[in-house]
Amino acid sequence: MRRCLRRATPKHFRLWDVGCAIAFTNGNHNKQIHLSKYPMAYQNITASLSPADIQEIKAAFATIQAKMPFLVTLSVEERRKLFKMGDKSLAFVNTSLTAAQSNRDILPASFDVDEFVRDYQLAATLTELLIKLQQLTEQVDDTLMAVGSEAMGSSLTVYDYVKTAAKKTPGLKTIAEQLGERFKAIKSKPAKTASGS
């Protein structure tokens, strides 16, 4: 069962996600929900970013990219062919590096030990940075999903009121129809990621 948090009246709800919103906006207003079993994982988000904040964030991204001009973009085929240095390979590479540094005389003259060291050190540094970037990306993605759900829930509440008011209030019929068409499109689409429409 999807989790919802009831608003002021049984008919209107603060919604956990769009699927939950659709279920209740689609006429099932009297369905009972035991809210204590489905707690919200976060408090409703009330925040904003000023134009100056946005510019500073974008500048920070630009600085990161400028500091790493060596970054590359690999094709699917290139990624498939390359050796992968995962966690299980780290000990192997580390031991190989130690052996190379301690026994340069057994290696061919063409083998660049110093380049090996640079590659290993950069890989270790990029691994650390990637973890931080992934954590930030996950937080941004989760926040986008949460605040998008809040905005969608509010939109569906407005739609519910507009549908009712359109029967008696001049000028709302066209808006109700427009919202209705969009609502039908939402119901017909499969679930998407937070960035989906």
Side-chain angles (χ1 to χ4, degrees), residues 1-3 5 15-21 37-153 185-186 188-197:
M1 180 182 292
R2 300 181 187 277
R3 292 173 281 188
L5 182 63
L15 303 161
W16 174 260
D17 60 19
V18 174
C20 187
K37 295 182 179 180
Y38 303 99
M40 293 287 282
Y42 68 97
Q43 298 297 317
N44 285 353
I45 299 169
T46 302
S48 63
L49 290 171
S50 69
D53 291 334
I54 296 171
Q55 287 303 315
E56 287 183 18
I57 293 170
K58 290 181 177 180
F61 287 150
T63 298
I64 292 172
Q65 290 180 306
K67 290 293 185 180
M68 297 188 289
F70 49 82
L71 295 180
V72 301
T73 301
L74 299 175
S75 67
V76 174
E77 185 63 16
E78 286 173 327
R79 293 182 68 88
R80 187 184 67 81
K81 291 181 178 180
L82 289 175
F83 287 116
K84 311 298 189 300
M85 191 186 79
D87 293 339
K88 294 180 180 180
S89 305
L90 189 59
F92 172 78
V93 175
N94 190 32
T95 302
S96 298
L97 177 59
T98 301
Q101 289 176 306
S102 302
N103 302 276
R104 291 173 181 253
D105 56 310
I106 68 171
L107 300 170
S110 59
F111 187 90
D112 192 337
V113 175
D114 293 333
E115 179 65 16
F116 184 8
V117 172
R118 286 191 292 270
D119 287 343
Y120 176 78
Q121 291 176 339
L122 182 58
T125 300
L126 289 177
T127 297
E128 179 183 357
L129 294 176
L130 180 59
I131 290 173
K132 293 182 179 298
L133 289 171
Q134 288 173 330
Q135 290 174 339
L136 177 60
T137 299
E138 183 176 336
Q139 287 181 303
V140 171
D141 187 56
D142 286 348
T143 304
L144 172 58
M145 178 174 288
V147 75
S149 177
E150 291 175 16
M152 192 65 195
I186 293 172
S188 64
K189 288 182 179 180
K192 290 187 176 182
T193 60
S195 58
S197 59

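Quick note: numbers below take in every heavy atom, side chains included, and nothing from hydrogens, waters or symmetry partners.
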All N/O donor-acceptor pairs, side-chain side in residues 125-134, below 3.5 Å, sequence neighbours left out:
{"residue": "Thr125", "atom": "OG1", "partner": "Gln121", "partner atom": "O", "Å": "3.0"}
{"residue": "Thr127", "atom": "OG1", "partner": "Ala123", "partner atom": "O", "Å": "2.8"}

I'd like a table of donor-acceptor pairs (distance under 3.5 Å, sequence neighbours excluded) in which one partner is a side-chain atom from residues 86-99, with atom names and distances.
{"residue": "Thr95", "atom": "OG1", "partner": "Ala91", "partner atom": "O", "Å": "2.9"}
{"residue": "Ser96", "atom": "OG", "partner": "Phe92", "partner atom": "O", "Å": "2.8"}
{"residue": "Thr98", "atom": "OG1", "partner": "Asn94", "partner atom": "O", "Å": "3.1"}

Could you tabulate the donor-acceptor pairs under 3.5 Å formed by side-chain atoms of residues 54-76, not counting sequence neighbours?
{"residue": "Thr63", "atom": "OG1", "partner": "Ala59", "partner atom": "O", "Å": "2.9"}
{"residue": "Ser75", "atom": "OG", "partner": "Glu78", "partner atom": "N", "Å": "3.1"}
{"residue": "Ser75", "atom": "OG", "partner": "Glu78", "partner atom": "OE1", "Å": "3.4"}

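Here Lys81 pairs with Glu77 under the salt bridge (Lys or Arg N to Asp or Glu O under 4.0 Å) rule; sequence neighbours left out. With sequence neighbours left out, the side chain to side chain donor-acceptor pair (under 3.5 Å) criterion links Gln135 to no other residue. For the salt bridge (Lys or Arg N to Asp or Glu O under 4.0 Å) test, residues two or more places apart in sequence or in another chain that qualify with Asp114 are Arg104. Residues that satisfy the side chain to side chain contact (heavy atoms under 4.5 Å, CB included) test with Asp105, not counting sequence neighbours, are Asn103. With sequence neighbours left out, the side chain to side chain donor-acceptor pair (under 3.5 Å) criterion links Thr46 to no other residue.
Closest non-hydrogen pair, Lys84 versus Arg79, comes out as NZ-O, 2.6 Å. Residue Asn44 comes nearest to Glu150 through the heavy atom pair CA-OE2, 3.3 Å, listed as atom of the first residue, atom of the second, then distance.
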